[in-house]
Protein chains: 2
Amino acid sequence: MSKNILIIEDDQSIAELERDYLEIEGFEVEMASEGKSGLEAVVHHHYDLILLDLMLPNINGFDLCKQIRERTNIPILMVTAKYEDIDKVRGLGLGADDYIVKPFSPSELVARVKAHLARYERLIHNDSPKTEITVRGLQLNTSSRQVFMNGKEIPFTTKEFDLLTFFATHPNQVFSKEHLFERIWGFDSIGDNATVTVHVKKIRKKIEKDTDNPQYIQTVWGSGYRFNK
Amino acid sequence: MSKNILIIEDDQSIAELERDYLEIEGFEVEMASEGKSGLEAVVHHHYDLILLDLMLPNINGFDLCKQIRERTNIPILMVTAKYEDIDKVRGLGLGADDYIVKPFSPSELVARVKAHLARYERLIHNDSPKTEITVRGLQLNTSSRQVFMNGKEIPFTTKEFDLLTFFATHPNQVFSKEHLFERIWGFDSIGDNATVTVHVKKIRKKIEKDTDNPQYIQTVWGSGYRFNK
DNA sequence: AAATAAATTATAAAGTTTTTATAAACTAAT
DNA sequence: ATTAGTTTATAAAAACTTTATAATTTATTT
């Protein structure tokens with residue numbers, strides 16, 4: 001579903017320019033030409049982002065920004081005429097998320113809008129970032145440190161989990177036992193690569209249907225192991 | 001409790017300058033001089049904001065930013081040498097939250113740090129001002145600081161309550177004892193993680209039916225504890 | 001091409017180390 | 001003086017490493 005953006009800007013031609021840039025990118029755009037109708041729109045409709053010009057009739061941009069912020073947490077991008085204003089405005093703590101100086105390029109506007117939409121989305125919806133890896137029924141959750149096979153949890157020990165996670169995050173690559181040992185056990189670790197073999201065996205026992213015909217971690221004779229994605 | 005900031009910066013003198021500015025404002029500051037140790041710190045400790053310099057040995061700032069973003073949503077402020085870099089970098093979609101150009105004034109740095117901390121706080125907490133958390137009969141009220149099991153109140157001490165609340169607000173995530181100690185007892189606390197173990201035991205005794213088969217706080221051998229939702 | 005040797009990996013199990021649980025003594029705070 | 005919190009010692013559990021041996025695969029020799 002496309003995102004809704006509200007442009008609050010008194011200069012009709014600039015507003016239309018901004019609208020065009022954003023509509024090309026597939027955003028739904030609405031416009032308000034002064035603070036009062038802008039605030040009205042914010043209260044009665046849902047937007048994903050607001051583009052706010054500082055110079056406005058009626059309420060000025062400062063107050064408006066504050067008032068919007070009291071009602072919603074969505075990103076507010078302030079459009080200002082002078083670069084020097086930015087830190088002055090920032091210092092006021094109005095709650096704007098970013099500042100764009102006129103004149104700006106279409107790509108700059110679009111890039112900033114997209115960046116803020118993405119961040120807001122990220123913060124609101126997934127509090128914990130990419131933590132899941134799924135490969136043919138095998139599911140790894142790196143933050144809960146759990147392994148599931150077709151939805152059913154399989155208990156894993158620390159080293160087993162770290163090793164499998166390393167494999168799953170580096171699929172279709174052969175790693176020697178020496179390399180794996182260094183990566184999982186640590187550079188300065190003393191010890192024998194044999195423990196890698198043993199751990200691979202244990203992991204296979206837990207996730208492979210047929211241990212003699214492994215689908216996930218395959219042996220590459222003389223070279224090491226490869227996790228197939 | 002004061003906010004923790006991680007500075008990742010290879011130039012020692014700049015790092016110290018930044019640290020001083022921030023410590024004056026009451027922030028707890030840690031420093032890492034290159035990407036590897038920076039990422040290490042991010043993985044093993046909790047920070048509220050990261051100040052990241054682009055020019056670093058080992059991994060460069062771009063990769064590092066991405067890698068940090070894969071692990072956490074906290075604000076990342078990028079410090080860059082050239083103003084022209086900003087939009088280039090922004091275009092890469094690394095997930096940084098703001099860009100500061102060197103040389104910057106102390107007040108600018110502090111203002112931006114504060115602004116981002118405030119926004120992050122607003123977005124994360126404002127959106128869920130849940131004072132009540134309920135998980136399978138276990139009910140926590142963070143404003144009255146009471147714990148109920150199936151409606152019946154169970155007396156909790158301060159630390160026990162803080163620890164359980166932290167778990168309940170961060171479910172399905174493994175936390176090491178070190179991490180828990182930092183979060184609940186405070187960054188600069190001197191002491192032993194052993195007290196975490198003891199507190200977990202005490203909490204279990206109060207909320208678990210079968211202490212040997214905990215349903216809420218589970219032991220993840222070699223990694224820490226996880227609260228299951 | 002078959003047989004043998006060498007190298008590599010698989011497997012099982014014993015031994016060792018690490019980690020956590022528990023109880024109890026101690027310390028600090030109210 | 002009582003309660004909460006921390007530290008310490010010990011027990012118990014789990015995980016990890018090593019070792020020995022078996023089974024494969026590859027290389028070499030006849």
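Below, chains carry the letters A, B, ... as their sequence lines are ordered, and counting in each starts from 1.
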Undergrad: Going by salt bridge (charged side-chain N to carboxylate O under 4.0 Å, His left out), name the pairs with one or both residues in residues 189-207 of chain A, residues two or more places apart or in two chains.
TA: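 Sorted result for residues 189-207 of chain A: A:Glu160-A:Lys206.
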
Undergrad: Rounded to whole Å, please give me the gap between NE2 in B:His199 and C1' in C:dA23.
TA: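 Spelled out: NE2 on B:His199 to C1' on C:dA23 is 16 Å.
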
Undergrad: Using the side chain to side chain contact (heavy atoms under 4.5 Å, CB included) criterion, which residues pair with A:Thr169? Sequence neighbours excluded.
TA: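 Per chain and number, A:Thr169 pairs via side chain to side chain contact (heavy atoms under 4.5 Å, CB included) with A:Ile133, A:Thr165.
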
Undergrad: To the nearest angstrom, how far is A:Lys177 atom NZ from D:dT17 atom P?
TA: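 It is 15 Å, rounded to the nearest whole Å.
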
Undergrad: Counting neighbours of NZ on B:Lys102 that are heavy atoms of other residues, nucleotides or ligands and sit closer than 6.0 Å, is the number greater than 12?
TA: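 More than 12 within 6.0 Å, yes.
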
Undergrad: Under 6.0 Å from the ring centre and within 45 degrees of the ring axis: does the NZ or CZ of B:Arg226 meet both conditions for the six-membered ring of B:Phe175?
TA: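 That pair does not qualify as a cation-pi contact.
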
Undergrad: With nearest nucleotide decided by heavy atoms, which residue, A:Thr219 or B:Gly224, maps closer to the 5′ end of DNA chain C?
TA: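 Taking each residue's closest nucleotide, the earlier one in sequence belongs to A:Thr219.
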
Undergrad: Checking all strands, does A:Asp212 fall into the base, sugar-phosphate, or nothing category for heavy-atom contacts under 4.0 angstrom?
TA: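 It contacts sugar-phosphate atoms only.
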
Undergrad: Using side chain to side chain contact (heavy atoms under 4.5 Å, CB included) as the criterion, list what pairs up with A:Phe148, not counting sequence neighbours.
TA: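 For A:Phe148, the residues satisfying side chain to side chain contact (heavy atoms under 4.5 Å, CB included) (neighbours in sequence not counted) are A:Gln139, A:Gln146, A:Glu153.
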
Undergrad: Output yes when at least one side-chain N/O atom of B:Tyr225 is less than 4.0 Å from OP1 or OP2 of C:dT19, else no.
TA: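 So the side chain of B:Tyr225 is outside the cut-off, no N or O lying under 4.0 Å from OP1 or OP2 of C:dT19.
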
Undergrad: Applying side chain to side chain contact (heavy atoms under 4.5 Å, CB included), name anything that partners B:Pro106, two or more places apart in sequence or on another chain.
TA: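 Side chain to side chain contact (heavy atoms under 4.5 Å, CB included) list for B:Pro106, sorted by chain: B:Tyr21.
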
Undergrad: Counting distance only, does the side-chain N/O of A:Thr131 pair as donor-acceptor with the main-chain N or O of A:Ser143 below 3.5 Å?
TA: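 Here the side-chain-to-backbone pair exists.
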
Undergrad: Over the length of the helix from C:dA1-D:dT30 to C:dT30-D:dA1, how much do the five-pair end axes diverge, rounded to 10 degrees?
TA: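 Comparing the axis at each end, I get an angle of 30°.
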
Undergrad: Scan A:Val200 against the nucleic acid and name what it touches under 4.0 Å (heavy atoms): base, sugar-phosphate only, or nothing.
TA: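 Nothing, no nucleic acid heavy atom in range.
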
Undergrad: Can you tell me if B:Trp185 touches the phosphate of D:dT6, counting only side-chain N or O atoms and a distance under 4.0 Å to OP1 or OP2?
TA: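 Checking B:Trp185 against D:dT6: at least one side-chain N or O falls below 4.0 Å of OP1 or OP2.
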
Undergrad: Please state whether the phosphate of D:dA15, meaning OP1 or OP2, lies under 4.0 angstrom from any side-chain nitrogen or oxygen of A:Thr157.
TA: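 Negative; the distance criterion is not met.
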
Undergrad: If you draw the axis of the six-membered ring of A:Phe156, does the NZ or CZ of A:Arg145 fall within 45° of it and under 6.0 Å from the ring centre?
TA: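 No; the conditions do not both hold, so A:Arg145 does not lie above the ring face of A:Phe156.
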
Undergrad: Just by distance, do the side chain of A:Asp97 and the backbone of A:Ile76 share a donor-acceptor pair under 3.5 Å?
TA: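 Such a contact is found between A:Asp97 side chain and A:Ile76 backbone.
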
Undergrad: Output the residues of residues 201-209 of chain A in contact with DNA chain C, where contact means a heavy atom of the residue under 4.0 Å from an atom of the strand; sort by number or write none.
TA: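 Residues of residues 201-209 of chain A under 4.0 Å from DNA chain C: A:Lys201, A:Arg204.
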
Undergrad: Just the rounded figure in Å: distance from C1' of C:dA21 to CD of B:Gln218.
TA: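 Distance, rounded to whole Å: 16 Å.
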
